Every structure is written in structure tokens, then in C-alpha cells.
Protein chains: 2
Amino acid sequence: MPRRTPRSAERRLEILQSAAAAFRRRGYHGASVEEIARALKMTKGNLYYYFRDKQDILFGCHEYSLGVALELLERVEAEPLPPDERLRRLIAGFVHLIIDELHGTGLTLELEALPRPLWQKVVAKRDRFDRGLRKILQDGMDQGLFVPGDPKLLAFAIMGALNWISRWYDPRGEAHSDDIAASFADYLVAGLRTG
Amino acid sequence: MPRRTPRSAERRLEILQSAAAAFRRRGYHGASVEEIARALKMTKGNLYYYFRDKQDILFGCHEYSLGVALELLERVEAEPLPPDERLRRLIAGFVHLIIDELHGTGLTLELEALPRPLWQKVVAKRDRFDRGLRKILQDGMDQGLFVPGDPKLLAFAIMGALNWISRWYDPRGEAHSDDIAASFADYLVAGLRTG
DNA sequence: TACAGATTTGAACGATCGTTCAAATTTGGT
DNA sequence: ACCAAATTTGAACGATCGTTCAAATCTGTA
């Protein structure tokens, strides 16, 4: 019975972090439960005290990263700002989220490995984020700030540019998360602006 | 001894296509050699007549998709066009390449599963494409067509938006490849333009 | 210190998978 | 129709992996 003590909840988070890193590097099926455990100096049998099975760990990773992403979205939605400034903060915030909070893991983990019920929960949460982003785009178009276009396609383009960061970002590299956030926000908002 | 007859070369390509689809859906380690074979009504043992091992199949997938991508790049570079029009054609061409030629598989397949020597070959080819894209961006900035910025970061943003198509594109969906190509080219070039 | 519950261990299991290979079958040219 | 080469089969292997679990150990508290 985990999650009773505070220590246990911390341990769960550590496991999710180790798993997210392993899944990102090797893919869900390529990462072994043992290597997730070894990175924390645990044994693999021990992980089953905190999670039912490997799928449950993947589900936990998705829930966690989508959770912080939705928090960011809600924070941005709460501020009284015009759509262009909203979008800029969402993009910059998402860059920081991927790099500084999720340590390189974005919303890129595999979904197909999850059984239907868990898959649906994750997809529903992801769709909430997508709809939030599309709404900002639509509002900008309605107010004449953004050039007309298909918000769905544009949201995909933005999410692709952002999530792709997981594939090339190297914490030892030269690019600092502030620079990336500013560059991406500039570029991806500028492409929408009217005259 | 494969590849002697024309039939054999075709078979090799069919295997690469089936494998690319399987790798995209399930990931390299999640896709089994048997399911790659079954989609072609072959037995898994038979694949080993055409490829040394599973890694060799993944390598073949990378070589093929990077090959057509580099062909596109060279075609675009050969035309006497200003950088903005060059970029537009490269982006639109890449969308068509992912959707129509690679059937949904972009440059998204896993690299980490490859042994060092093969990995280096693939990375070298990928870098050639990246450098080509960055050069177009740099030329545009030098000519005052594009706003100044870090070509490396901007190239990552563009490649992310494009490769992410593999994750959401559904051939049964509403979005046609022409629409996507036009939207993406418009958006991603507009973000660079000066006044 | 003693005890109950929380946590960890380590070995064992069944299943899946990549790979091999000798034998069988098919193919195309003469 | 015959033959040599090309291709396919199907069974078998060893290795890896996810999962289970009874026993051992640790932790906080009375």
C-alpha cells in the first residue's frame, strides 16, 4: 500500500522522472523496468510496490506532464491579455516547462502502448490542451490580430515545433532555455500577425 | 544473396515500407519482426534473406527517407530563387514527402537503437539536410528578407513542426496534403519575413 | 526496546522476441 | 522438361523482459 506516507509519494515522483527519461531516450518498449529502477538505485521488483505494472508507469508520466501543461494553460487563460500576448506566454512557458521542469521530456511519450481506458484518459487531457491553444488562435483571428487560417493545423505546427525540443535539446549545449523560449515565441507568433 | 534480381530490390523496398509504418506506430522495440513480415504476407525468417538483422532494417528506413529528403533539398537548391521562395518550396515539398511519399513517416524514427557506425552515417546525412535548411535561413537574413535570428533554433522549430505531422496525420482525415503544405509554408515563412 | 506496518530484496516464472538454418519450394533461362 | 540459383518455410534456440511473491529488512512510534 504505497502513497500512505509522504516519503512514498516522493518516491513515486522519482520513479516517474526516471521512467520519463528512459522512455524518451529508448522508447517505451526499449526501456526496461530494471534500468528505470537502477537509475534510482532500486531493484526492479521494488517498482511494483509503487506501480501496478509498466503501463501504469507510462500512464503516470503522461498524467504528470499533461498536468503541468494544463496548469500553464489555465494560468495563461486567467490573465487578462490580448490573444497575441497570451500565445507568446503560452509558448515561452511551454519551452521552460519542457526544459526546466520536465528535464527534456515534452508531450512526446508513446500513447499507443496504453490500454484503451488509460489511453482515453490521456487523450482527453491532451485534447483539452489542444482546444485551449486553438481557442487563443481563433480569438486572435476574430480580433483581427492574426491572419485567418485553420487553427487546428496551426496548433499542430506550434505543438510540433515545441515538442520537437525533446529530440535535440542538450542541457550541456549552448542554447539556454530563456533564449529558446524567446526565439520560439517571437517566431511562432510573428507568423500569425497581420500587417 | 539478395538484390541480384529486380524483384529482390522491390521486395526490399516493400519491407522498408512495412517496417517504417510499424516503427512509427509502435516504436522500434515495440514493433516485432513478425508483424513487419505478416503485413506483407511473409514469414519473419524470410526477412533475414533481405536484411542482416532488425537494426539493418531500421538503418534502411533512415537511409531511404533521408535520401528522398536530400533529393528534395538539392532540387530546391538547384533552382534560381530568392531564399523566401526557396524555403516555401522546401517546406511544402517536405509536407508532401512525409504524407504522400513516406505515407506518414517523417524523419521521426528512433536513432538510438542503431549501433555507433550506422548511427554516425545517419546523423551525417541528417546534418547535411539541417545545414541546407540553415543556409537558406541565413541567406534570407543576409539579404534582409528575413528578420535576424539564430538559424539553428529556427531550423529546429521548422523541422519540429514538419516532423510532428507523423504524429497526427490521418489519411482518412479531412486535411489534404495540399492544404497542409500551403498552410505550413505560409505560416512558417511568414514568421521570418521583415516588414 | 518491542512491535506493526511500510518497504525492499532476490530469485523464479512464463512469455515474447530476434536470430539461425537446413530443408523445401519456386523461378527463370535453355 | 530440366537444372541451378533464388527464395521461402517452419521449427528451434537462447536471451531478455515484465511480473509475482514469500521472506527479509527497515521505520516510526509507544
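Quick note: numbers below take in every heavy atom, side chains included, and nothing from hydrogens, waters or symmetry partners. Chain identifiers are assigned alphabetically (A, B, ...) following the order of the sequence lines, protein sequences preceding nucleic acid strands; residue numbering begins at 1 within each chain. In this text, all values refer to a predicted model and were calculated from it rather than measured experimentally.
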> Distance check: side-chain N/O of B:Tyr49 vs OP1/OP2 of D:dT9, anything under 4.0 Å?
Replying inline: no
>> If the cut-off is 4.0 Å, is A:Thr43 near the phosphate of C:dT9, judged by side-chain N/O to OP1 or OP2?
In response: yes
> B:Arg11 CZ to C:dT26 C1': how many Å, rounded?
Replying inline: 12 Å
>> Checking A:Tyr28 now: which residues fulfil ring pair (Phe, Tyr, Trp, His ring centres under 6.0 Å) with it, not counting sequence neighbours?
In response: A:Phe23
> Regarding B:Asp100 and B:Ser177, is there a side-chain donor-to-acceptor distance under 3.5 Å anywhere?
Replying inline: yes
> Tell me: OH of B:Tyr50 to C1' of D:dT9, nearest whole Å?
Replying inline: 13 Å
>> Under a plain distance cut-off of 3.5 Å, with no hydrogens placed, do B:Gln143 and B:Asp139 share a side-chain donor-acceptor pair?
In response: no
>> For a quick check, with a 4.0 angstrom heavy-atom cut-off, what is the B/S/- contact string for nucleotides 13-25 of chain C, read 5' to 3'?
In response: -----BBB-----
>> Among residues at least two apart in sequence or on other chains, which ones pass ring pair (Phe, Tyr, Trp, His ring centres under 6.0 Å) with A:Phe59?
In response: none
>> Determine whether a donor-acceptor pair (N or O, by modelled atom type, separation under 3.5 Å) exists between the side chain of B:Asn163 and the backbone of B:Leu107.
In response: yes
>> Any heavy-atom pair between the side chains of B:Glu74 and B:Arg128 that's under 4.5 Å?
In response: yes
>> Please tell me if A:Ser8 has a side-chain N or O lying less than 4.0 Å from either OP1 or OP2 of C:dT7.
In response: yes
